[in-house]
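Heads up: the structure comes next, in C-alpha cells.
Please read all numbers here as calculations on a predicted model, not as lab measurements. The analysis underlying the following values was restricted to heavy atoms, covering all of them including side chains, and did not include hydrogens, waters or symmetry mates. Sequence lines set the chain letters: A, B, ... in the order given, protein chains first and strands last, and positions in each chain run from 1.
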Amino acid sequence: MDPSLILDGLNDAQREAVCAPDGANLVLAGAGSGKTRVLIHRIAWDIDVMGASPFSILAVTFTNKAAAEMRGRVENMLNQPVQGMWIGTFHGLCHRLLRQHWKEAALPQGFQIIDSEDQVRYLKRLIRGLELDEAYYPPRQVAGFINHHKEEGRRAAAVPLARDPKYAEWVRIYQTYEDACQRAGIVDFAELLLRAWEMLKSSEPLRAHYQKRFQHILVDEFQDTNSIQYSWLRLLAGGHKNLFVVGDDDQSIYGWRGAKVENILKFERDYPGAKTVRLEQNYRSTGNILKAANAVIDNNDTRLGKNLWTDAGEGEKVRLYAAYNEVDEARYVVDQIQKSVDDNRRRDESAILYRSNAQSRVFEELLISAGMPYRVYGGLRFFERAEIKDALAYLRLMTNRDDDVSFERVVNTPTRGIGNRTVEIIRDIARNNSISMWRAASQAVNNKLLPARAANAVNTFLELIDSMAAERNEDDLEGAVNIVLEYSTLLEHYKSDKSEKAQAKTENLEELLSAARMFEFDEEEGLGELDAFLSHAALEAGEQQGAEWDDCVQLMSLHSAKGLEFPQVFLTGMEEELFPHRNSMSDAGKLEEERRLCYVGMTRAREQLFLSYAESRRLYGQTHPARPSRFIDEITEELRDRVRAAGPARSGIVGYGGAAASAFASPMRKTGVEVANGIKLGSRVRHAKFGDGMVTNYEGSGESARVQVNFEFAGQKWLVLAFANLEVVS
DNA sequence: ATCGTCATAATTTTT
DNA sequence: TTATGACGAT
C-alpha cells in the first residue's frame, strides 16, 4: 500500500506519531491538534502499510460516540468495513470478554448489567436490610465508596481495615453488596472492568490468547483512564508492549471520578524507552484565544508542558462582560447570539457553557422569550427514563428470574396489590436464606408464609412473568417487548391516564418497541437477541432526545463540552466560588482541575470567545455578591476587551422578575420553536376571552397543534391552535 | 395505595 | 429555587 495516502495532509508531528515504530508511544495532543485524526491514521497505517490484520487491533475509547466515530472514520479511510477489529469503550470491551468467558469469570450466562441508578437503589435496600441507618450510610456515598475501591482493583475483602468503626461498616456493606450481586447475577459498571481484569490476571491461557491476538492496542483520552483501566491495558499489552496512547494532561477534568492523570507519567516509567510526541499546532482557534487559554493553564504547576500555537491569524480579542446579575448576563449573551443570527450565522454556531447545570435556567428563559430555539445537553437519556426501565426490568426478569433489582422494580409496578409489607417479608426470606427475591417469593407462596390475599397477588405476579417468558418467541425481540407492554399492563396503565406526563410515557414505551424493531443484532457475541438488547440498553443509554439537525443554540456544562468546538463560545458565570467551584478551592489539586476545565472551555472556541461574570448572582433562591473568577485575571490584559455593562442598572433588568418572569415558571426543554402561523415559543398572543399572554410550550403540529399560554390574568392554559383563534400581538 | 406536606440538599458524568 | 424523598393522613 502507498504510505503517502495515509501521511498526506499531516503535519510533521502528526506524521511522526502515525508512523512511529512499534512499541510504547505516547502522543500528547493539545486541544484541537488533531488527536483523533492521528489515532485513525495510525490504525490505517498499521493495517495498510504495516500489514497488520484488523483482528490484531484493539482500540479503546471512553464513550460509545467516540468509538462509533472512530470505526466510521477508519472504514472511510480504508474504504472498506473493518472486520475483526475491536473498537469500543472500556466497558463495552470488558463486557464482551465477560460474555465470551462467563464461566471463567464465574458469572451466570445470562448476567445483567445495572446502571448507577440501579446500583444506588439496590444498595439502599441492602443497607436497610442490614438494619443500618441510611442517614449514616447514604446509599449514594456508599456506592461511591464501593466504586472507588473497585476502580482501584480492590474487592471488599481487600479493603484495608481502618480503625474507624464506621468505615468498617462501609466495608461490610460492600461485602454484602458483592455477595448479593453475585447471587442475583448482576454486574455494575465498575464490576465489568474489575471482573475482566481479574479474569485476565488469573487465567494464564486467556491472557496469553488475548495478548497474542491484540498486537496493536490504541487508547483515546488516555488522561481519563483510572487505575483499573490502566492495569487492564498493561495486562493486555504485557508481551509486545505495543501501546499507542493519545491524551492531554491539560484536559484532564475527571479526576473526581477516578481518572488518574498520573497514568501519563506512569506510562513513561512503566514503558522505558516509550516515545513521546507532542502535538502543539492547533487547527481550531485563532491566536488570541489560544494565547489566552495558554496564559490561564500556565498557572498550573503540575503539567507536562505544552504550548499551543496556530498559524491562523490573531483574530478577535477575548471579550469580557461584567454583568450586574445573572439575568443581565443572560440578556447580554442572548443579545450577542441574536446579533450573529442577524448576521446570517447559524444558531448552532453558538454555545453557552457553564460550570453547573443549574445555571442554564436563566439562559433558557431568555432564549424562550427571544424566540430562539436551543438545546440543553445533559438530561435523562432514553434508556434511563423510568417507564423504559420498568419495561426493561420485565424483560430482564424474563431472562434472569434472580435479578433482584428488576424484581423490586416491577413487583408492584403497575400496582397489583403487593404492598410494602409483603415485599418486606419476601426480602427477609431472601436474606435469611441467601436466595433471590424470586425464589423467596415462590417459597413464601408455597409455604403459606403470607396472608392469603398477598399470597394470591404474589402468585399472580410470578405466573405473569412465567407466562410472559413462555409466550415469548426466542427470535422475536419486538414481540417480546410487545408481550411485556401488554401483559404487564404498563401501556394500558399510562394510556388510561390523560395527563401530559402519562402521554409522554406512552410515547416513550412505543418508542421502545421501535427501538427493539430497529435493533441490529450481532450474533457473533454468543448472546441471545434479548440479552444483547438489554446489554445494549445498559451500556448505551441512548442519544439525548432532541433533533440534532435542528439549528439550535447549544447549552451545556463545561464537562459536556469537552471534545466539541463552536465558532462562538460564551463562558459564563466566571465567578469565584462558582468557577472555580467553592468545593474545589481549598485543595491545590482540585483547583488545578478547575483551571483545566477553564482551559477546556476556552479552547472550544474557534473565532469568538466571550467570558462573563455577574456582580451579583441569585443561586438557590438567595442573592449573593460575587467576585470575578481568578481565571479572568490570569488572562493577560492585552488579550481581552472589557465590554462595559451599559450604564447603571436599567429598569428592563431590574423589573424583569415580575410578570414576565413568572410566565416562565416551568420552562420546558424543547428544541423546536416555530409552531404554526407565526406563533413561536415566546410569542405574545391575544385570546378573545383570556386576554394577553405568552406562549411557553407547545406540542404537535399543524391542525392538531396545541400551545401552552401563560395569560397575564387567566393563568396557564393549554389551547388547541385550530380553535383558539390566537392573535399574535407585537 | 395514593396524595399531600415537610425537610433537605443542591458541582461536574460516562459506562 | 427546586427537586427529591420520607412520612403521615385519607
Side-chain angles (χ1 to χ4, degrees), chain A residues 60-67 88-95 113-121 124 128 134-135 138-141 144 147 150-151 187-194 196 221 224-226 228-229 252-259 326 353-362 365 377-381 383-384 412-422 457 535-542 544 556-563 573 577-585 590 593-594 596-598 600-601 617-623 657 661-662 664-667:
Chain A
V60 200
T61 63
F62 276 87
T63 65
N64 293 300
K65 198 174 151 211
T89 62
F90 278 103
H91 292 86
L93 297 168
C94 286
H95 172 244
I113 303 167
I114 54 170
D115 68 13
S116 333
E117 192 212 347
D118 295 335
Q119 183 188 31
V120 172
R121 290 164 81 116
K124 190 175 197 163
R128 281 188 188 172
E134 283 169 64
R140 281 224 103 75
Q141 282 177 44
N147 292 337
K150 286 191 177 185
E151 277 156 14
V187 163
D188 62 41
F189 288 133
E191 184 75 23
L192 286 170
L193 303 174
L194 179 56
E221 305 280 17
D224 289 339
T225 50
N226 62 29
I228 195 86
Q229 288 160 340
S252 161
I253 56 175
Y254 286 115
W256 52 273
R257 66 176 200 209
E326 75 285 348
L353 309 183
Y354 35 77
R355 175 68 240 260
S356 71
N357 294 116
Q359 289 166 249
S360 75
R361 250 202 79 165
V362 202
E365 290 171 352
Y377 284 67
L380 268 195
R381 285 161 325 155
F383 286 114
E384 291 168 349
N412 199 32
T413 315
T415 48
R416 51 174 67 88
I418 303 176
N420 226 311
R421 182 75 201 108
T422 308
S535 304
H536 165 82
L539 287 172
E540 307 194 28
Q544 210 95 126
M556 69 193 79
S557 70
L558 284 158
H559 284 88
S560 319
K562 194 170 95 156
E577 311 244 302
L578 188 58
F579 190 33
H581 194 273
R582 63 172 68 75
N583 299 357
S584 306
M585 295 192 2
K590 286 184 176 175
E593 184 157 309
E594 294 283 307
R596 293 194 289 268
L597 193 54
C598 181
V600 165
R617 178 170 298 269
R618 193 181 171 89
L619 204 63
Y620 305 137
Q622 223 114 55
T623 305
S662 66
F664 303 118
S666 145

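Phe62(A) comes within 4.0 angstrom of sugar-phosphate atoms only, judged by non-hydrogen atoms across all strands, and of no base. Residue contacts shown for Tyr254(A) are limited to sugar-phosphate atoms, with no base heavy atom under 4.0 Å away. Using a 4.0 Å heavy-atom criterion, one finds that Leu93(A) contacts no nucleic acid atom at all. Counting any heavy atom pair closer than 4.0 Å across all strands shown, Asp188(A) reaches no nucleic acid atom.
Checked against dT2(B), dT13(B), dT11(B), the side chain of Thr415(A) finds its nearest nucleotide in dT2(B).
Formation of a donor-acceptor pair under 3.5 Å by the Asn226(A) side chain with backbone atoms of Gly258(A) is not found in this model.
The aromatic ring of His91(A) is not stacked on the base of dT15(B), since the criterion of ring centres less than 5.5 Å apart with planes inclined by under 30° is not met. Judged by centroid separation below 5.5 Å and plane tilt below 30°, Tyr620(A) does not stack onto the base of dT1(C).
For Arg618(A) and dT1(C), the shortest distance from a side-chain N or O to OP1 or OP2 is below 4.0 Å. Remark: Asn357(A) is not in phosphate contact with dT11(B), judged by side-chain N or O atoms under 4.0 Å from OP1 or OP2. Contact annotation: Ser584(A) side-chain N/O to dT12(B) OP1/OP2 distance is not under 4.0 Å. A close approach under 4.0 Å does occur between a side-chain nitrogen or oxygen of Asn64(A) and OP1 or OP2 of dT15(B).
The distance between atom CG of Leu578(A) and atom P of dT12(B), rounded to the nearest whole Å, is 10 Å. Between the P atom of dT14(B) and the CD atom of Gln119(A) lies a distance of 16 Å, rounded to the nearest Å.
Side-chain contact between Lys150(A) and Ile228(A): absent, with no pair of heavy atoms (C-beta onward) separated by less than 4.5 Å.
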Protein-nucleotides 4-9 of chain C N/O pairs under 3.5 Å:
residue: dA6(C); atom: OP1; partner: Lys124(A); partner atom: NZ; Å: 2.5

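Taking only distance into account, the side chain of Ser116(A) meets the base of dT15(B) through a donor-acceptor pair shorter than 3.5 Å.
Atom name P, nucleotides dT4(C) and dT13(B): the rounded distance is 16 Å, in whole Å.
Residues Phe62(A) and His91(A) place their aromatic rings such that the two centres sit no closer than 6.0 Å.
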